[in-house]
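This structure is a prediction, so every number in the text was calculated from the model and none was measured.
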Amino acid sequence: MATANMNTPEDFSKRCDDFAIYLPAIQKHYAKAAVSKGDSSRLPSNITMRDLNFLNPANKLWHYKYALYSAGQFNIGEYDTDIVTDRNKDRTLMLGDSGGFQIGKGTLGGFNNLRNRDPDSISKVWTDAVELKHWIVNWLETHSDYAMTIDMPLWAKYKENKSSPFHNCSTQQLIDLTVQNLRFINNNKRGNTKWLNVIQGTTYEDTKLWWNAVKEFRFNGWSLAGNAGFRGGAAAIIKQILIMRDEDAFTSGMDWLHILGVSQLKWAVLLTAIQRGLREHCNQNIRVSYDSASPTVISGKYEKIALKPDLTNKDNSWSIRVIDTPTAKEYTSEARL
C-alpha cells in the first residue's frame, strides 16, 4: 500500500475501477471540523484542520472521491456547511443514507412522536409524517449522487432492540410502511440523485417477503442490509443476488449495489468478485460498494491509528490493528505526572 506524502499527494480513487469501492461513512463533527479554521494545536505545524478534507481534489495530503453521509445524523430541518455540502460534485461521489438506523432505533433528532404507542398508532404516525419524509428526500436529493430509500428495518424486532418504537410492529407492518415510503419517494424525487432500493431481512423467509413487496420499485440500484446483507453471511448475500439476477434486477440503468455496514478486508475480496461476475454476466457498468464508520470512529472517538495489515495466508493477518496516537490522553503531561 502506497503512503501519501507532503510532496506527492495520493489520489486513492484512481485504484478503484476494477474493485468494489469502500465508502468511509463520514461523521457529522468531522465533516464540519474539516472546513473550519478550528484548533490546529494538536496537528503538525504545517497542517491545518482544512487539510483533513479528503474530498478536496487539491488536498495536499491525500484525496479520495467516494464516501457515505447519513441524514440520520441531523435533526429534522437542520442543514450545515461541511465538507459534503462544499464538495466539488464533478470530482466526488456521495452515497446518502436515509437514516434507517436512527429511524429503527427511534433516535432521529426532532422526531419524537413514536414513543409509548401501540403498533397501529405508530403506523399511523409514520404515515402522517409527511414533513419528515419530505425533509429526508430533499436532504438526499441536495447532498448525494446516490441515495438509499427509507426502510423500516426488521431488526427493530430483535429482543435487544426492545426500546425501538417499532419493536412490537409485525414484519408485515414494517414491510407495508417501507412500500409506503417507496411510493412517497417515487412521487417526490426531483431527479438530482439516483435511488438505491434497500432490501432488508432477518431470515430467508422475511427477506423473501420484503423482496417480493419492494422489487417493483426499480430505481437506479439496490442496497442489501441486515441479514439480507453481510450480517447474513456470504451465502445469504450470494443467494439474494442470484434471486435478483434471475428477476433482471441488474439490467442497464440499475448500476449500483451497496452492502451496508461492513469493511472487513475479506469482504472486500468477496464483493470485488461479485462485482466482476455481475459485470461479466449482467451489466458491464455495475458498481458494488460497501461502507463503515470505522475510520472516523477509530481516530476521532478512540484516538487510535489503524495499521496496515500484513495480508499473508494467516487468517489473523487480515485484521486491521490499531495503536494509540501520540496525542492520546496517556501521552499527555498530566498522565505522566
Does one hydrophobic cluster hold both Leu265 and Phe230, with members joined at side-chain heavy-atom distances below 4.5 Å? no
Within 45 degrees of the axis of the six-membered ring of Phe166 and under 6.0 Å from its centre: does Lys157 put its NZ or CZ there? no
Has Asn220 got a side-chain atom pairing as donor or acceptor with Trp195's backbone, closer than 3.5 angstrom? yes
In terms of the angle between their ring planes, are Phe101 and Trp155 parallel, tilted or perpendicular, with boundaries placed at 30° and 60°? tilted
Among side-chain atoms of Thr202 and Asp206, is any donor-acceptor pair under 3.5 angstrom? yes
Salt bridge or not for Asp51 and Lys60, using N-O below 4.0 Å? yes
Ignoring hydrogens and geometry, is there a side-chain-to-backbone donor-acceptor pair from Thr178 to Met152 under 3.5 Å? yes
Do Val262 and Trp318 belong together in a cluster built from hydrophobic side chains that touch within less than 4.5 Å? no
Shortest non-hydrogen contact from Leu55 to Tyr64? CD2-O, 3.6 Å
Nearest heavy-atom approach of Arg190 to Glu141 is N-OE2, 2.9 Å
Regarding Asp151 and Trp210, do their side chains bring together a donor and an acceptor under 3.5 Å, going by distance alone? no
For atom NZ of Lys215, decide whether the heavy atoms of other residues, nucleotides or ligands shown that lie under 6.0 angstrom number more than 12. yes
With a 4.0 Å cut-off on N to O distance, would you call Arg87 and Asp82 a salt bridge? no
When you look at CZ of Arg276, are more than 12 heavy atoms from neighbouring residues, nucleotides or ligands closer to it than 6.0 Å? yes
Hey, are Asp120 and Ser123 close enough side-chain-wise for a donor-acceptor pair under 3.5 Å? no
Is it the case that more than 12 heavy atoms not belonging to Glu78 sit under 6.0 Å from its CD atom? yes
Going by the angle between their ring planes, with limits at 30° and 60°, are Tyr146 and Trp256 parallel, tilted or perpendicular? tilted
Take Ser13 and Asp11 through the side chain to side chain donor-acceptor pair (under 3.5 Å) test and state the conclusion after the steps. CA-CA 5 Å; Ser13 314; Asp11 183 355; 3.1 Å; yes
Specify whether Tyr79 and His143 have parallel, tilted or perpendicular ring planes, treating 30° as the upper limit for parallel and 60° as the lower limit for perpendicular. tilted
Please walk me through it: do Phe250 and His281 pass ring-ring contact (aromatic ring centres under 6.0 Å, His included)? CA-CA 10 Å; Phe250 301 116; His281 297 287; over 10 Å; no
Other residues, nucleotides and ligands only: do more than 12 of their heavy atoms fall within 6.0 Å of NZ on Lys28? yes
Using the rule that two of Ile, Leu, Val, Met, Phe, Trp, Tyr join whenever any of their side-chain heavy atoms come within less than 4.5 Å, decide whether Ile305 and Ile47 are in one cluster. no
With a 4.0 Å cut-off on N to O distance, would you call Glu216 and Arg183 a salt bridge? no
For the student: nearest non-hydrogen atoms of Ile26 and Ala31, plus distance: CG2-CB, 3.8 Å
Parallel under 30°, tilted from 30 to 60°, perpendicular over 60°: which one fits the rings of Tyr69 and Phe74? perpendicular
Relative to the ring of Tyr290, is the ring of Tyr22 parallel (under 30°), tilted (30 to 60°) or perpendicular (over 60°)? tilted
Between Asn283 and Thr251, is there a donor-acceptor pair closer than 3.5 Å when you use the side chain of the first and the backbone of the second? yes
Between the main-chain N or O of Gly261 and the side-chain N or O of Asp291, is there a donor-acceptor pair closer than 3.5 Å? yes
Looking at side-chain heavy atoms only, is the closest gap between Lys65 and Arg91 below 4.5 Å? no
Going by atom types only, do Gln180 and Asp176 share a side-chain donor-acceptor pair under 3.5 Å? no
Are the side chain of Thr149 and the backbone N or O of Val198 linked by a donor-acceptor pair below 3.5 Å? yes
Quick check: closest heavy atoms across Gly72 and Gln102, and the distance to 0.1 Å? O-CG, 3.3 Å
Thr193 side-chain N/O to Asp145 backbone N/O, donor-acceptor pair under 3.5 Å: yes
Are Ile320 and Tyr302 linked, directly or through intermediate hydrophobic residues, by side-chain heavy-atom contacts shorter than 4.5 Å (ILVMFWY only)? no
Do the side chain of His167 and the main chain of Tyr158 share a donor and acceptor less than 3.5 angstrom apart? yes
Any side-chain to backbone donor/acceptor pair from Arg279 onto Asn285? Under 3.5 Å, distance only. no
Return yes when atom CD of Glu160 has more than 12 non-hydrogen atoms of other residues, nucleotides or ligands closer than 6.0 Å, and no otherwise. yes
Test of understanding: clusters of I, L, V, M, F, W, Y form through side-chain heavy atoms closer than 4.5 Å, transitively. Do Leu52 and Ile298 belong to the same one? no
Check this for me, if you would: do Lys32 and Asp80 make a salt bridge, where the nitrogen-to-carboxylate-oxygen distance has to be below 4.0 angstrom? yes
Between Asn168 and Asp118, does a side chain to side chain donor-acceptor pair (under 3.5 Å) hold up when you go through it step by step? CA-CA 8 Å; Asn168 293 318; Asp118 62 85; over 6 Å; no
May I ask you to test the Phe184-His134 pair for a side-chain heavy-atom distance under 4.5 Å? yes
Mind listing the closest non-hydrogen atom pair of Arg50 and Asn59 along with its distance? O-ND2, 4.5 Å
When every non-hydrogen atom of Trp135 is compared with those of Gly77, the smallest separation belongs to NE1-N, 3.1 Å
Can you check whether Val35's main-chain N or O pairs, donor with acceptor, with Asn53's side chain at less than 3.5 Å? no
